[in-house]
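Take a look at the structure below.
Keep in mind that this is a model prediction, so the values were computed, not measured. The sequence lines fix the lettering, A, B, ..., with proteins before strands; numbering per chain opens at 1.
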Amino acid sequence: MTRSPSNVDLASVPGFTPEERLAKIGFCEQLKGGVIMDVVNAEQARIAEEAGAVAVMALERVPADIRRDGGVARMSDPKMIEEIQAAVSIPVMAKVRIGHFVEAQILEAIEVDCIDESEVLTPADEEFHVDKHRFRTPFVCGCRDLGEALRRIHEGAALIRTKGEAGTGDVVEAVRHMRAVMSGIRELRGLDDKELHKRAVAYRVPDELVAWVAEAQRLPVPNFSAGGVATPADAALMMQLGAESVFVGSGIFKSGDPVQRGKAIVRAVTHYDDPKALAEISAGLGEPMVGISARSVPEGERLAVRGW
Amino acid sequence: MVTLAHCDGGGSLRAPVVGVLALQGDYAEHEVALRRHGIVTRRVRSVAGLAGLDGLVLPGGESTTMLRLLRVEGLEEPLGALLQSGRIPVLATCAGLILCAREVEQPAQRSYGVLDCRVARNGYGRQLHSGTVPVAAERDSELPLQFDAVFIRAPRVLDVGPRCRVLARRAGDPVLLEQGAILAACFHPELQAHHPVTERFVARVRAGLASGTAARSAVG
């Protein structure tokens with residue numbers, strides 16, 4: 001029997017213990033209105049912190065380089081992550097391959113603040129994602145639509161981001177994914193129990209999770225954006241479309257002036273709904289990353305299709 | 001909810017307006033928590049936003065990010081003047097407490113010095129050590145003797161000076177402080193419904209409003 005939307009308890013999150021909700025989702029709430037920057041060493045991490053990043057994502061190669069180099073992309077060397085942890089006081093995140101729960105165990109052992117189970121790395125499991133409820137560390141996962149977002153939340157993700165198409169500097173896929181999530185949420189409005197049940201079956205998640213979203217008209221965890229953000233205007237676009245924070249991967253350290261661009265994107269996320277401020281913020285930033293059109297990326301090289 | 005607010009507001013004709021510093025952090029959670037009590041909230045992102053408030057919240061988030069944006073937006077000095085003035089009640093949580101402290105360590109960074117205490121950032125460890133912990137209120141604090149508090153990469157108060165009153169402790173460490181108009185917590189009352197710290201702040205805002213509009217914030 002499905003729960004009627006009117007009986008949904010919005011103070012709890014289906015599948016999460018109260019402690020998990022407060023500690024994991026509560027942590028992710030603190031990152032709202034901020035920018036999380038990809039960094040490949042302690043020096044870049046310090047620059048990101050100085051520019052006003054709310055967190056850094058420690059990885060050996062930014063997505064643009066992973067895309068260029070090819071081969072198998074794996075979790076970063078813990079030594080390199082620890083150097084970054086020692087260099088900054090803001091939270092440090094790091095990536096594991098989809099389904100690679102041992103890489104996640106290793107990152108939890110070195111006390112990374114948040115784990116990104118990321119399609120940017122080469123997937124380790126083509127059937128299962130990591131069972132994220134088993135970890136004390138909060139996880140962030142990518143999605144292309146509401147169903148994928150809810151599957152990841154059901155597995156225990158405390159933070160959702162759009163996948164976009166990482167390493168391209170082309171925001172079009174992030175826009176597509178954010179619009180799909182937001183319209184998917186709106187489409188649940190006013191559905192009866194039978195219709196919600198049908199949606200839950202299609203999304204492969206419990207009825208109560210779909211009922212929660214139908215009632216609250218938002219995800220039960222913060223909803224961030226990633227994958228192709230290269231300018232302050234891109235960041236503000238994602239915020240106006242419904243993102244609560246922005247991950248910037250290659251867009252900062254592949255640009256002509258990372259410090260100025262980093263600072264500008266941080267301000268743009270705060271003033272995302274103020275065009276006059278955005279005009280001032282966008283002026284005189286130097287060259288953005290060159291980028292490649294997401295449409296020109298061959299089917300077999302698209303990162304966003306990874307994840308099940 | 002808002003239309004009922006004036007009924008228990010000490011005879012006031014309007015709902016109190018509380019500004020929430022919205023440069024970065026969990027300002028939306030503070031808004032939800034305050035609206036539950038019939039408070040009207042306003043996001044503060046510029047100097048103009050500081051005027052006409054009955055109370056102010058400095059939310060959780062990253063204090064380094066907030067410090068940078070306060071300076072860039074020209075808010076650093078006007079906010080400092082408002083905090084110094086003691087004109088309106090202020091609730092500072094986590095990063096907000098760090099901004100108010102007299103001295104910040106781990107690493108050192110500038111702060112307003114309106115709260116007579118020394119704090120270490122992330123003094124309880126990284127996110128893995130975050131969680132809900134029972135804290136014990138001081139007997140004269142008018143708070144429940146024990147209540148739950150959510151600590152997230154929380155600052156640790158290393159010492160408290162004579163101007164600052166300790167209202168609650170976590171295993172001996174001061175975690176809830178009061179100095180004049182400022183109520184400051186190392187934890188996040190905004191993440192829990194009907195938290196006694198939120199209720200204490202709301203009561204102070206209402207009391208200020210009832211005592212006359214002279215208490216409202218002014219800029220300059």
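- Between B:Glu73 and A:Arg267 there is a salt bridge, with a side-chain nitrogen of the basic residue lying less than 4.0 Å from a carboxylate oxygen of the acidic one.
- For the pair A:Thr270 and B:Arg45, the tightest heavy-atom approach, listed with the atom from each and the gap, is O-NE, 3.3 Å.
- Side-chain atoms of B:Asp26 never come within 3.5 Å of backbone atoms of A:Gly26 as a donor-acceptor pair (strictly under, hydrogens ignored).
- Most heavy-atom pairs under 4.5 Å with chain B, from the set A:Cys114, A:Ala51, A:Pro222, A:Pro18: that is A:Ala51.
- Only the backbone of B:Ala22 comes within contact range of chain A, with at least one heavy atom under 4.5 Å from a heavy atom of that chain.
- Counting heavy-atom pairs under 4.5 Å between each of B:Gly131, B:Cys94, B:Ala193 and chain A puts B:Gly131 at the top.
- Judged purely by atom type and a 3.5 angstrom limit, B:Ser130 has no side-chain atom pairing as donor or acceptor with the backbone of A:Ala23.
- The two residues B:Thr64 and A:Ser89 come nearest to each other via the heavy atoms CG2-OG, 4.1 Å.
- No part of B:Gln109 comes within reach of chain A, as not one of its non-hydrogen atoms sits under 4.5 angstrom from that chain.
- Each of B:Leu67, B:Asp148, B:Val72 has some count of heavy-atom pairs under 4.5 Å with chain A, and the biggest count is that of B:Val72.
- Looking at B:Arg153 and A:Gln30, their side chains never come closer than 4.5 Å, going by heavy atoms from C-beta outward.
- Among A:Glu49, A:Glu108, A:His271, the residue making the largest number of heavy-atom pairs under 4.5 Å with chain B is A:His271.
- In terms of heavy-atom pairs under 4.5 Å with chain B, the best-connected choice from A:Glu244, A:Arg136, A:Glu111 is A:Glu111.
- Top candidate by heavy-atom pairs under 4.5 Å with chain B, chosen from A:Ser245, A:Ala55, A:Gly52, is A:Gly52.
- For the set B:Glu29, B:Arg121, B:Gln106, the count of heavy-atom pairs under 4.5 angstrom toward chain A peaks at B:Glu29.
- No more than 12 heavy atoms of other residues, nucleotides or ligands shown are found within 6.0 angstrom of CZ on A:Phe101.
- If you measure heavy-atom distances from A:Glu20 to chain B, you find no contacts under 4.5 Å at all.
- Inter-residue side-chain proximity for B:His188 and A:Glu29 is flagged as unmet; no heavy-atom pair is nearer than 4.5 Å.
- In this structure, the portions of B:Leu128 lying under 4.5 Å from any heavy atom of chain A include both its backbone and its side chain.
- The environment of CD in B:Glu142 is sparse: at most 12 heavy-atom neighbours from other residues, nucleotides or ligands sit within 6.0 Å.
- For A:Ala277, no part lies near chain B; criterion is any non-hydrogen pair under 4.5 Å.
- Atom CZ of A:Arg134 has 12 or fewer neighbouring heavy atoms from other residues, nucleotides or ligands inside a 6.0 Å radius.
- For the set A:Glu50, A:Lys263, A:Arg21, the count of heavy-atom pairs under 4.5 angstrom toward chain B peaks at A:Lys263.
- For a residue to count as touching a neighbouring chain, one of its non-hydrogen atoms must lie under 4.5 Å from one of that chain's; by this rule B:Leu191 touches chain A with backbone and side chain alike.
- The structure places CD1 of A:Ile25 at 10.5 Å from CD1 of B:Ile152, a figure rounded to the nearest 0.5 Å.
- With contacts defined as side-chain heavy-atom distances shorter than 4.5 Å, the pair B:Gln127/A:Pro91 does not qualify.
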